[in-house]
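Below is one structure, written out as structure tokens; comments come after it.
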Protein chains: 2
Amino acid sequence: MGESTRCNEGYLQIGEAAERTELTQRTLRYYEEKGLLQPPTRMDGGFRLYSPDDIERLERVKQLKDLLGFSLADIREMLEADDVKQELKAGWRKDADSGEKAAKIRVARDVTLKQLALLDQKLAKMASLRDHLAERIEKYDGWLRQWSEDGAPEATPAGGASVP
Amino acid sequence: MGESTRCNEGYLQIGEAAERTELTQRTLRYYEEKGLLQPPTRMDGGFRLYSPDDIERLERVKQLKDLLGFSLADIREMLEADDVKQELKAGWRKDADSGEKAAKIRVARDVTLKQLALLDQKLAKMASLRDHLAERIEKYDGWLRQWSEDGAPEATPAGGASVP
DNA sequence: TAGCACATTGACGTGCGCGTTAACGTTGTT
DNA sequence: AACAACGTTAACGCGCACGTCAATGTGCTA
């Protein structure tokens with residue numbers, strides 16, 4: 001078969017996982033080594049098998065790295081809150097006493113809150129920067145208008161980028 | 001004198017410049033080496049003297065680095081638009097023909113526009129991430145409420161971070 | 001003029017985030 | 001059984017963004 005319906009239900013080998021996430025195999029192994037993913041399951045021969053959840057996590061790592069420019073260590077920290085969520089999704093019904101559960105959830109909640117606060121700070125600063133840029137553009141346009149009225153007459157059909 | 005009213009009008013030596021900007025002397029020299037600043041003026045002996053404009057620029061570099069996580073090369077590019085602004089501020093009245101000026105300004109404007117578009121993309125993605133985090137917190141709170149109603153009764157005065 | 005804080009260049013070192021190569025094992029097909 | 005395609009670990013290398021000496025020169029003060 002040319003098309004690959006290879007491994008069990010949506011589980012991917014490292015090559016395919018790398019393609020899907022647009023990361024390199026080296027990077028996947030590196031992230032595993034650095035504890036950003038819990039080690040994926042292996043085939044009998046030792047080949048890594050990435051679950052859909054693993055893929056999801058890899059995509060979150062990528063997102064965080066591209067977006068925030070954080071170090072992998074920082075990202076590792078941030079993802080620890082995710083882990084609690086995963087533990088919830090998995091078989092937690094029949095687990096230990098509810099006090100522990102609640103405590104863990106509270107920790108995860110607080111961590112997430114701090115992340116949110118941090119993100120809001122960044123967003124605010126970036127918004128401010130954005131406004132500065134916008135102002136500058138208006139100034140430029142002002143100078144250009146004044147120049148073309150006052151001085152030499154020149155057509156000015158500059159290419160524009162839309163700002164939705 | 002204990003207080004330092006040292007160099008001429010607001011010009012700072014590298015040590016003080018480093019303090020003001022919260023960067024290291026090494027970093028300042030490195031940024032200069034990499035062309036992020038035009039080389040500052042020197043005293044007779046060769047000591048660097050940073051003008052207020054230099055300080056401003058350093059602070060912008062820092063802001064861009066912290067905020068966006070860009071490489072210094074990227075930042076260098078972004079700052080080239082700033083340079084045009086500076087050229088405007090300086091003696092440009094009696095300069096070359098107005099066609100050149102207008103062309104330069106148009107270039108700067110377009111570069112700035114692209115930066116703005118990029119920033120808006122980032123902002124959008126970050127806002128989306130923010131919403132995800134907020135949703136998660138609500139879910140956590142939901143679980144916690146359900147647990148405390150359904151199961152063990154426990155006081156829950158978790159420390160909160162305000163989100164203005 | 002001595003002394004001390006501060007600066008200069010130059011060189012080497014460091015941690016991160018991978019890239020690259022080598023030597024070797026596994027899978028699936030023919 | 002043979003073969004290509006894919007995977008494994010281990011090790012070295014690299015570019016970036018500086019940190020950290022070392023040897024030397026400068027500025028101000030006493």
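Each chain gets a letter, A, B and so on, in the order the sequences are listed, and its residues count up from 1. The structure displayed is predicted, hence computed values, not measured ones. The figures that follow rest on heavy atoms only: side chains count, while hydrogens, waters and symmetry mates do not.
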Report the nucleotide, chosen from [options], that has the shortest atom-to-atom distance to any side-chain atom of [X].
X        : options                   : value
Ile14(B) : dC18(C), dT9(D), dA7(C)   : dA7(C)
Arg29(B) : dC18(D), dC18(C), dT9(C)  : dT9(C)
Tyr30(A) : dC18(D), dC18(C), dT9(C)  : dC18(C)
Met43(B) : dG19(C), dC18(C), dG27(D) : dG27(D)
Phe47(B) : dG17(C), dT8(C), dC18(D)  : dT8(C)
Ser71(A) : dT8(D), dG17(C), dT8(C)   : dG17(C)

[N] [atom2] sits how many Å from [X] [atom1], rounded?
X        : N       : atom1 : atom2 : answer
Arg42(A) : dC6(D)  : CZ    : C1'   : 14 Å
Lys62(B) : dA17(D) : NZ    : P     : 17 Å
Phe70(B) : dA17(D) : CZ    : C1'   : 17 Å
Leu28(A) : dG19(C) : CG    : P     : 10 Å
Gln13(B) : dT26(D) : CD    : C1'   : 9 Å
Lys65(A) : dG17(C) : NZ    : C1'   : 7 Å
Glu32(A) : dC18(C) : CD    : P     : 15 Å
Glu19(A) : dA5(D)  : CD    : C1'   : 14 Å

- Determine the minimum heavy-atom distance between Asp83(B) and Gln38(B), stating which atoms define it.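 Closest pair (atom of Asp83(B), atom of Gln38(B), distance): OD1-OE1, 4.4 Å.
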
Testing the basics here: between Pro40(B) and Arg48(B), what is the closest heavy-atom pair and its distance to 0.1 Å?
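Answer, listing the atom of Pro40(B) first, then Arg48(B): CG-CG, 3.6 Å.
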
message: Please determine whether the number of non-hydrogen atoms from other residues, nucleotides or ligands lying under 6.0 Å from atom NZ of Lys139(A) exceeds 12.
response: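 Not buried by this count: 12 neighbours or fewer within 6.0 Å.
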
Which comes earlier along DNA chain D counting from the 5' end, the contact point of Lys34(B) or that of Arg48(A), where each point is its nearest nucleotide?
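It is Arg48(A), whose closest nucleotide lies nearer the 5' terminus.
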
task: Measure from the side-chain N and O atoms of Lys122(A) to the backbone N and O of Leu68(A), and report whether any donor-acceptor pair falls under 3.5 Å.
output: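 Between the backbone of Leu68(A) and the side chain of Lys122(A) there is a qualifying donor-acceptor contact (under 3.5 Å).
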
task = Spell out, as yes or no, whether a donor-acceptor pair under 3.5 Å connects the side chain of Ser128(A) to the backbone of Ala124(A).
result =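 Such a contact is absent between Ser128(A) side chain and Ala124(A) backbone.
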
- If only side-chain N and O atoms of Thr24(A) are considered, is one of them under 4.0 Å from the OP1 or OP2 phosphate oxygen of dC18(C)?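 Negative; the distance criterion is not met.
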
Any side-chain N or O of Thr27(B) under 4.0 Å from OP1/OP2 of dA17(D)?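 Answer is no, no contact under 4.0 Å.
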
- Item | Under 3.5 Å donor-acceptor pair, Arg26(B) side-chain atoms to dT20(D) base atoms |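 Check passes, donor-acceptor contact within cut-off.
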
